[in-house]
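The next block holds one structure in the form of structure tokens; read it before the comments.
Hydrogens, waters and symmetry mates play no part in the numbers below; they use all other heavy atoms, side chains included. Source: prediction; values computed, not measured. Sequential numbering from 1 along the given sequence is applied to the chain's residues.
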Amino acid sequence: MTRRTDWPDGQGRPAGPDSGVPSSSRAEQGPPRDPEEQARAICLRLLTGTPRTRRQLADALRTRGIPDEVAQEVLSRFEDAGLIDDAAFADAWVESRHHSRGLARRALARELRTKGVDPALIDEAVGQLDAEQEEHTARELVERKLRATRGLDREKRLRRLAGMLARKGYAEGLALRVVRRALEEEGEDPELLERHLPEG
């Protein structure tokens, strides 16, 4: 029996009954699986438990040396079978990240772009969040942080709270309006706040 020392997993296993692959013609065939089989196995492994975009899978196949034409063919078959669905991925991403992290539409769109989602699908997904929902979430975020800022001077509180919202993708006007309202409700003098806040 011919021993193989160039297996992809680097273990140098011999082909045989315990190897999970037929032992015949291994010397002639080279690697134990052709690129298409490798691509399918890589995609299935990456999709186990974690949805991925087509672009993420394509990048993973490229880094593993799968030829582009083979990768595109396999990815298209996975799409046809419903195993890759960028629209569903984007919808779920927006729902999850908005509720768990309080991210605004701008931040969610930026994250989806980095994952290779088509701009039209991004627009449709972030369109689930309207301005009213976004403002409500921003208010909740500020209310949760208010206590931690008590004792700081007025300007520092304003900067810290507005900065927190900005990092989550909220527009400056909305962030300032929400922070101003929250601090006024807590008893801050609106006129003193105006000295530190530009018009929102």
Side-chain angles (χ1 to χ4, degrees), residues 42-43 45-64 83-200:
I42 290 166
C43 288
R45 185 169 65 251
L46 290 174
L47 288 167
T48 301
T50 307
R52 313 254 181 180
T53 66
R54 179 173 176 135
R55 224 276 297 283
Q56 287 177 303
L57 293 169
D59 289 346
L61 294 177
R62 190 174 300 112
T63 62
R64 288 163 173 79
L83 295 172
I84 302 172
D85 186 339
D86 282 4
F89 178 96
D91 289 345
W93 188 268
V94 167
E95 174 76 14
S96 170
R97 300 282 285 175
H98 180 71
H99 290 293
S100 68
R101 298 284 307 282
L103 297 184
R105 287 173 289 187
R106 187 165 56 182
L108 292 164
R110 186 167 57 242
E111 289 186 341
L112 289 170
R113 279 196 300 272
T114 68
K115 296 181 180 301
V117 178
D118 182 86
L121 296 180
I122 293 175
D123 290 344
E124 191 174 331
V126 299
Q128 298 174 41
L129 300 175
D130 58 27
E132 188 177 335
Q133 280 178 289
E134 224 177 34
E135 183 161 348
H136 177 74
T137 301
R139 284 179 59 83
E140 288 184 335
L141 290 168
V142 169
E143 286 166 9
R144 287 205 295 266
K145 291 287 186 183
L146 269 178
R147 182 177 297 177
T149 66
R150 285 175 189 153
L152 299 176
D153 67 65
R154 185 180 296 109
E155 185 175 2
K156 193 172 286 187
R157 290 187 85 189
L158 290 170
R159 232 185 253 143
R160 186 165 295 185
L161 292 167
M164 177 269 294
L165 290 179
R167 286 190 297 276
K168 292 181 179 290
Y170 291 89
E172 182 186 37
L174 171 62
L176 295 174
R177 184 171 70 249
V178 167
V179 171
R180 179 189 287 117
R181 185 182 306 156
L183 292 175
E184 285 177 5
E185 289 172 357
E186 202 180 55
E188 287 280 3
D189 186 329
E191 290 187 9
L192 293 176
L193 288 174
E194 287 295 332
R195 296 179 186 177
H196 302 290
L197 278 173
E199 284 299 322

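Closest heavy-atom contact between C43 and L61: SG-CD1, 3.9 Å. Taking all atoms of both residues into account, the shortest heavy-atom contact from L141 to G102 is CD1-O, 3.6 Å. The nearest pair of heavy atoms linking A162 to V179 is N-CG2, 3.8 Å. Here the shortest heavy-atom pairing between A60 and L46 reads CB-CD1, 3.5 Å. When all heavy atoms of V117 and A90 are compared, the closest pair comes out as CG1-CB, 4.2 Å.
L103 contributes atom CG, which lies 9.0 Å from atom CH2 of W93 (distance to the nearest 0.5 angstrom). With values rounded to the nearest 0.5 angstrom, E124 atom CD is found 10.0 Å from D118 atom CG. To the nearest 0.5 Å, atom CZ of residue R139 and atom OG1 of residue T137 are 11.5 Å apart. We find the CD-CG distance between E95 and L108 to be 10.5 Å, quoted to the nearest 0.5 Å. For the atom pair CD1 (I42) and OG1 (T63), the distance works out to 7.5 Å, reported to the nearest 0.5 Å. In this structure, T50 OG1 and Q56 CD are separated by 9.5 Å, a value rounded to the nearest 0.5 Å.
K168 contributes a side-chain N or O that, together with a main-chain N or O of R101, makes up a donor-acceptor pair within less than 3.5 Å. Remark: the backbone N or O of Y170 is paired with a side-chain donor or acceptor of R106 at under 3.5 angstrom. Judged purely by atom type and a 3.5 angstrom limit, R54 has no side-chain atom pairing as donor or acceptor with the backbone of I84. When atom types are taken as modelled, the side chain of E134 and the backbone of L129 share no donor-acceptor pair closer than 3.5 angstrom. A donor-acceptor pair under 3.5 Å is absent between the side-chain atoms of S96 and the main chain of A92, judged by distance alone. Proximity of a side-chain donor or acceptor of T53 to a complementary backbone N or O of K115 within less than 3.5 Å is detected. A side-chain donor-acceptor contact under 3.5 Å links T149 to the backbone of L146. Checked by atom type and distance alone, the side chain of Q133 pairs as donor or acceptor with a backbone atom of D130 at under 3.5 Å.
Side-chain contact check for H136 and E140: at least one donor-acceptor pair (N or O, by modelled atom type) lies under 3.5 Å.
In this view, R150 and E186 satisfy the side-chain hydrogen bond (donor to acceptor under 3.5 Å, both in side chains) rule, not counting sequence neighbours. Applying the side-chain hydrogen bond (donor to acceptor under 3.5 Å, both in side chains) criterion to R97, with sequence neighbours excluded, gives E111.
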Practice problem: With side chain to side chain contact (heavy atoms under 4.5 Å, CB included) as the test, would you mind laying out the steps for V142 and L165 before giving the verdict? | Solution: CA-CA 8 Å; V142 169; L165 290 179; 3.6 Å; yes
Exercise. Would you check, one step at a time, whether the test side chain to side chain contact (heavy atoms under 4.5 Å, CB included) holds for L112 with V94?
Key: CA-CA 9 Å; L112 289 170; V94 167; 4.0 Å; yes
Quiz prompt | Stepwise side chain to side chain contact (heavy atoms under 4.5 Å, CB included) test for R177 and E135 | solution = CA-CA 9 Å; R177 184 171 70 249; E135 183 161 348; 3.1 Å; yes
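Within a 6.0 Å sphere centred on CD of Q128, heavy atoms belonging to other residues, nucleotides or ligands number more than 12.
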